[in-house]
A.B. asks: 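Pasting a structure below so you can have a look.
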Amino acid sequence: MSFVSSRYEKIMEIAARRGFLWQSFEIYGGVAGFYDLGPLGVLLKNNIVELWRKYFVKQHQEFVVEIETPIITPAIVFRASGHEEHFTDYATQCTRCGRLYRADHLVEEFLRIEAEGLSGEELEKLIREHDIKCPACGGELGPVKKFLLLFTTYIGPYSPENLAYLRPEAAQGMFVNFKRVYELMRRKLPLGIAQIGRVARNEISPRQGPIRLREFTIMEIEFFYDPQNPRADVLEERCSDYKVRILTADQRTRGEEKPLEISPCEAYREGIVKSPWLAYWMCVANKFVEALGVPWSRIYFEEKLPNELAHYSKQTFDQIVVVERWGKLEVSGHAYRHSYDLERHMKFSGVDMYAVRQLKEPRRVVRKVAKIDKVAIINTFRERAKDVFRVLAKLSSDELLKLVESTPGDTVVVNGIEIPKNVVRVEQVEETIAVEKFVPHVAEPSFGAERLLYIVLEYSYTEENGRKYFRFPPELAPIKVAILPLVDKEPLTTIAWRLFEEAKARGLYAIYDDSGSIGRRYVRVDEIGVPYAITVDFDTVEKGLVTIRDRDSRKQVVVPLKEALDVVEKCLRGANLFELGYPVVEREER
RNA sequence: GCGGCGGUCGUCUAGCCUGGUCUAGGACGCCGGCCUUCCGAGCCGGAGAUCCCGGGUUCAAAUCCCGGCCGCCGCACCA
C-alpha cells in the first residue's frame, strides 16, 4: 500500500513541481474536484487530444466530422435528455450515525414499490408515514435533500424560465444538431459527429485527485447508423485480426474476473456486443489507448450490469486501464444509446429527426386519406366557415382521418365546433413509396482527457537506479528536443542557440540549457520526458558533428550538425534513432 | 456527508507531545559567479516560509483548544 501510494505521490509531486498539473485555487486553500494544467500539462494534453483526433476523426473523415457547441445549455435540453430527472438524487441522512442514503432506494427497499421519479416531498412523506429508519443503526432519518449533479445557472435575468445547466456530457450538442449535420453530410449514414469540450458535473464528494473532477474535457463521438443496414464493413476489415479483452455482464454476475480475449468482430457476431459500431469503436479505443503507452494486457472492457446502466443506454462497456493506485480506472465509456436521445428530442422539440432509407424495391401501397371538401364547408357554415377552416388546419390528414373513423355518429367535434362528417371525404389513394423514415441508432465512445493524461503519466513514469523520468511516446512528449552545449563556452553556446532557433522555426517545442554540468541538464530534461537531446561539443566546432542522445537508453548517435533536426523529426514520426546508419557512442559514467 | 489521520520555503522534511533562545533549522531544487570535453562533481555568494485560514487560551502559540478549508484512509455517494 505504501509503495503504491508513494508511487502515485511521486508522480503527482513531479507533476506539480515541473508544471504538469496541480490543484486549482491553491492560494485560497484549494477546491476539491478541480485541477489546473501547467505549461507542460497543456502541451501533453494537447498531444493526447490530437492523437485522439487522429484515431477517431481524421482516420474516419469521410464519415466522422467534428463540431463545437456551448457548455451552457437551456434546461429544456437536459429535460428532454432525461438528465434533469435521472441526474438528481434525493438523499437522507441518519441523524444518529450520519450514514447517507438514496431516499428512493430506501423507499423501494422498504415498501417494495417503484420510487424512481418521485419528488423529494413525496419521498419524505413516505418515509415519515411508514416510519422508515436507518437500516444500519435504526436511527431517525433526517430531511430528504436534493442533490442535482448538474451545475445550474441562468441565461439572462434570474427567473425560472431562464434556467440553464452546464452540460455534463457533450453528447446533447450532437443530438440537437443531428438534423443539420445529417443534411450537411448529404443525408448519408453512417455518420459520426465528434466533439471535444469541457463538461461539468457537481459531484457530491470527489476524492480521487485528478481522476474524479467536477470540470473536465470530454472527447466523444455520437455515431449514427441505420440499424437495418449498419454498413460496418470496417469492423470486418480492421478488427478481425485484433483482439480485445471483454469482461461481460454475465461473467461478472457469475463472479468471474478473467476477461474474454476476442476480436471485436467476433464479439459482435456472437452477440456479446449488441451494436456493430459499438464493437468497431471499442476496437479503435483499444488501439488508441495502446498508443498512449499502455500495454495491451492492462486494458479491458467491462460490461455494465443492467442496474448500472444509464437511463439512455441499452448496453455499456467501460474501458478499464489497470492502475497502481485504484486498481482499475475507467478511461472511456462505450454506450449503445439506441434511438433514445433523438426520439426524446423529437418529442420535446417537435422537430422531425428522422433519417430516410431507400427501399430496395419501391412499394405500391393503398392508403386512406381524409380530404376537406371546402365547398361543402362554405355551403354548410357560410360566415362561420373561416373558423372551421382554422380549426381543421391544425389537424394533419392522419389525425383527421383517425378522428372521423373513431367517432360514432354523423358529426365530429373539433375545438368545440360540431362538424358534419360529410364535409370530410375519405379517399383511397395509391402511392409509390421509395423511401422510409427511421430513427438512427447511436453508438457512443466517450473519453475523459484528464484521466488519459494521468494514465500517460503513470505508464510513462520510470525509475531506474534512482533515475526518474517519463518515458513518453515521442509523439506525446510535451518538449521534443533539448539542445545543449557540452559546456558553457563559446563558440558552443552560439552554435547551440542557433540550432534552438532553427528548432523553433520548424515548429518544435524545444529547450536550450547551458547551466551547470551536462549531466545535471540531462537529468533535468529526462525528468520531463524530453525524448531527444542534441549536444553541441568540440567535434561540432572541428568536424561539424553533434550527438543525439536517446532518453530511454541514454545512448548517443553522432550525426552532422546540418542533419540533426531532420533526424529528430524522423524519429518523432516513428523512426528508430539507432537504425538510421549513424555511429553509436556509449559513454562510461564518471 | 460521517469517523480517523494529516497540512511548516518550489519540493521533501526537522521542530509540535513537554508553549519561550524558532527574527522557524536542514536537504534537494532555484538564481548569480567560478569551475567543468558527456550523465544529479566541486567552490563562493544569494533569493525563497501568510508555520493552511479564522477565532480562543496565555505575559508568550508553528506548538494547546474551537470552527472552517484542503488532502489521505474507511463508510456513504459517483446517471
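By convention in this document, chain letters (A, B, ...) are assigned in the order of the sequence lines, proteins followed by strands, and residues within each chain are numbered from 1.
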A.B. asks: Once you apply a heavy-atom cut-off of 4.0 Å, does A:Gly82 come out as touching a base, just sugar-phosphate, or nothing?
C.D. replies: nothing
A.B. asks: Using only side-chain N and O atoms of A:Ser517, determine if any of them is under 4.0 Å from OP1 or OP2 of B:A41.
C.D. replies: yes
A.B. asks: For A:Gln315 and A:Lys274, indicate whether the former's side chain and the latter's backbone hold a donor-acceptor pair under 3.5 Å.
C.D. replies: yes
A.B. asks: Would you kindly compare A:Asp514 and A:His83 by the position of their nearest RNA chain B nucleotide and give the one closer to the 5′ end?
C.D. replies: A:Asp514
A.B. asks: Base, sugar-phosphate, or nothing for A:Ile518, non-hydrogen atoms under 4.0 angstrom?
C.D. replies: sugar-phosphate
A.B. asks: From OH of A:Tyr35 over to C1' of B:C70, roughly how many Å is that when rounded to an integer?
C.D. replies: 10 Å
A.B. asks: Expressed as a whole number of Å, how far does the P atom of B:C28 sit from that of B:G40?
C.D. replies: 14 Å
A.B. asks: Please give the nucleotide sitting opposite B:C9 as a Watson-Crick or G-U wobble pair, both distances under 3.5 Å, or none.
C.D. replies: none
A.B. asks: Would A:Thr69 and A:Gln195 count as a side-chain hydrogen bond (donor to acceptor under 3.5 Å, both in side chains) if you check the C-alpha gap in whole Å, the side-chain angles of each, and the deciding distance to 0.1 Å?
C.D. replies: CA-CA 8 Å; A:Thr69 67; A:Gln195 180 165 198; 3.1 Å; yes
A.B. asks: Now, which nucleotide makes the Watson-Crick or G-U wobble pair with B:G3, with each of the two distances under 3.5 Å?
C.D. replies: B:C73
A.B. asks: Choosing from B:G40, B:C77, B:C39, which nucleotide comes nearest the side chain of A:Ser205?
C.D. replies: B:C77
A.B. asks: Taking donor-acceptor contacts at under 3.5 Å, does the side chain of A:Glu13 reach the base of B:C12?
C.D. replies: no
A.B. asks: Is there a donor and acceptor pair, one atom on the side chain of A:Ser515 and one on the base of B:C31, closer than 3.5 Å?
C.D. replies: no
A.B. asks: Name the pairing partner of B:U21, where a pair is Watson-Crick or G-U wobble with both distances under 3.5 Å, or state none.
C.D. replies: none
A.B. asks: Testing A:Arg520, A:Arg524, A:Arg521 for side chain to side chain donor-acceptor pair (under 3.5 Å) with A:Ser515, which one passes?
C.D. replies: A:Arg524
A.B. asks: Using the P atom as the reference point in each nucleotide, state the distance between B:C2 and B:G55 in Å, no decimals.
C.D. replies: 24 Å
A.B. asks: Distance check needed: B:G74 P versus A:Arg207 CZ, whole Å only.
C.D. replies: 8 Å
A.B. asks: Provide the distance between the two C1' atoms, one in B:C65 and one in B:U57, to the nearest whole Å.
C.D. replies: 7 Å
A.B. asks: Mind checking whether A:Tyr312 and A:His86 have ring centres under 6.0 Å apart?
C.D. replies: no
A.B. asks: What is the distance from CD of A:Glu9 to P of B:C72, rounded to the nearest Å?
C.D. replies: 9 Å
A.B. asks: For the side chain of A:Gln23, counting heavy atoms from C-beta on, which of B:U36, B:C38, B:G71 is nearest?
C.D. replies: B:G71
A.B. asks: A:Thr547 near the nucleic acid: base, sugar-phosphate alone, or nothing, with a heavy-atom cut-off under 4.0 Å?
C.D. replies: base
A.B. asks: Taking CD from A:Glu527 and C1' from B:U11, how many angstroms apart are they, rounded to a whole number?
C.D. replies: 10 Å
A.B. asks: Considering just the side-chain nitrogens and oxygens of A:Arg520, establish if one lies under 4.0 Å of OP1 or OP2 belonging to B:C30.
C.D. replies: yes
A.B. asks: Can a donor-acceptor pair under 3.5 Å be found between the side-chain atoms of A:Tyr28 and the base atoms of B:C53?
C.D. replies: no
A.B. asks: Which nucleotide sits closest to the side chain of A:Arg17: B:U36, B:G71, B:U11?
C.D. replies: B:U11
A.B. asks: Between A:Thr217 and A:Arg198, is a side-chain hydrogen bond (donor to acceptor under 3.5 Å, both in side chains) present by the stated rule, with each step listed?
C.D. replies: CA-CA 4 Å; A:Thr217 301; A:Arg198 303 286 286 181; 3.2 Å; yes
A.B. asks: With rounding to whole Å, what would you report as the distance between B:G29 and B:C73 at their C1' atoms?
C.D. replies: 31 Å
A.B. asks: Partner lookup for B:A62, please. Criteria are Watson-Crick or G-U wobble with both distances under 3.5 angstrom; report none if nothing qualifies.
C.D. replies: none
A.B. asks: Under 4.0 Å between a side-chain N/O of A:Gln556 and OP1 or OP2 of B:C38, yes or no?
C.D. replies: no
A.B. asks: Can you see whether A:Arg551 engages A:Thr462 through a side-chain donor-acceptor pair at a distance of less than 3.5 angstrom?
C.D. replies: no
A.B. asks: A:Arg524 CZ to B:C31 P: how many Å, rounded?
C.D. replies: 6 Å
A.B. asks: My understanding is that a pair needs two contacts under 3.5 Å, Watson-Crick or G-U wobble. By that rule, which nucleotide pairs with B:G45?
C.D. replies: B:C31
A.B. asks: What's the gap between B:A61 and B:G15 when it is taken at their C1' atoms, as a whole Å value?
C.D. replies: 14 Å
A.B. asks: C1' atom, B:A60 versus B:A41: distance in rounded Å?
C.D. replies: 47 Å
A.B. asks: So which one's nearest nucleotide on RNA chain B is more toward 5', A:Arg549 or A:Ala32?
C.D. replies: A:Arg549
A.B. asks: Can you find an N or O donor on one side and an acceptor on the other, under 3.5 Å apart, linking the side chain of A:Arg212 with the base of B:C77?
C.D. replies: yes
A.B. asks: Applying a 4.0 Å non-hydrogen cut-off, can you work out what A:Arg201 is touching in the nucleic acid: base, sugar-phosphate, or nothing?
C.D. replies: base
A.B. asks: Applying the Watson-Crick and G-U wobble criteria at under 3.5 Å, what pairs with B:U37? Answer none if nothing qualifies.
C.D. replies: none
A.B. asks: Please report, rounded to the nearest Å, how far the P atom of B:C31 is from the CG atom of A:Asp488.
C.D. replies: 12 Å
A.B. asks: Which nucleotide in the list B:G40, B:U36, B:C38 gets nearest to the side chain of A:Val523?
C.D. replies: B:G40
A.B. asks: Specify the closest pair of heavy atoms between A:His334 and A:Leu278, including all atoms of both residues, with the distance to one decimal.
C.D. replies: C-CD1, 3.6 Å
A.B. asks: Which is true for A:Leu148 with a 4.0 Å heavy-atom rule: it touches a base, it touches only sugar-phosphate, or it touches nothing?
C.D. replies: nothing
A.B. asks: Given atom CZ of A:Phe34 and atom P of B:G71, what is their separation to the nearest angstrom?
C.D. replies: 11 Å
A.B. asks: Of the nucleotides B:C38, B:C78, B:U37, which has the atom closest to the A:Val487 side chain?
C.D. replies: B:U37
A.B. asks: Indicate the ring-plane relationship of A:Phe500 and A:Trp497, choosing parallel, tilted or perpendicular according to the 30° and 60° boundaries.
C.D. replies: tilted
A.B. asks: Determine the interatomic distance between C1' on B:A47 and the same-named atom on B:G10; round to the nearest Å.
C.D. replies: 12 Å
A.B. asks: Starting from P on B:C35, measure out to NZ on A:Lys489 and report it in whole angstrom.
C.D. replies: 7 Å
A.B. asks: Rounding to the closest angstrom, what is the interatomic distance between B:G7 and B:U13 at atom C1'?
C.D. replies: 13 Å
A.B. asks: Using the salt bridge (Lys or Arg N to Asp or Glu O under 4.0 Å) rule, pick out the option among A:Glu463, A:Glu458, A:Glu527 that qualifies with A:Lys10.
C.D. replies: A:Glu463
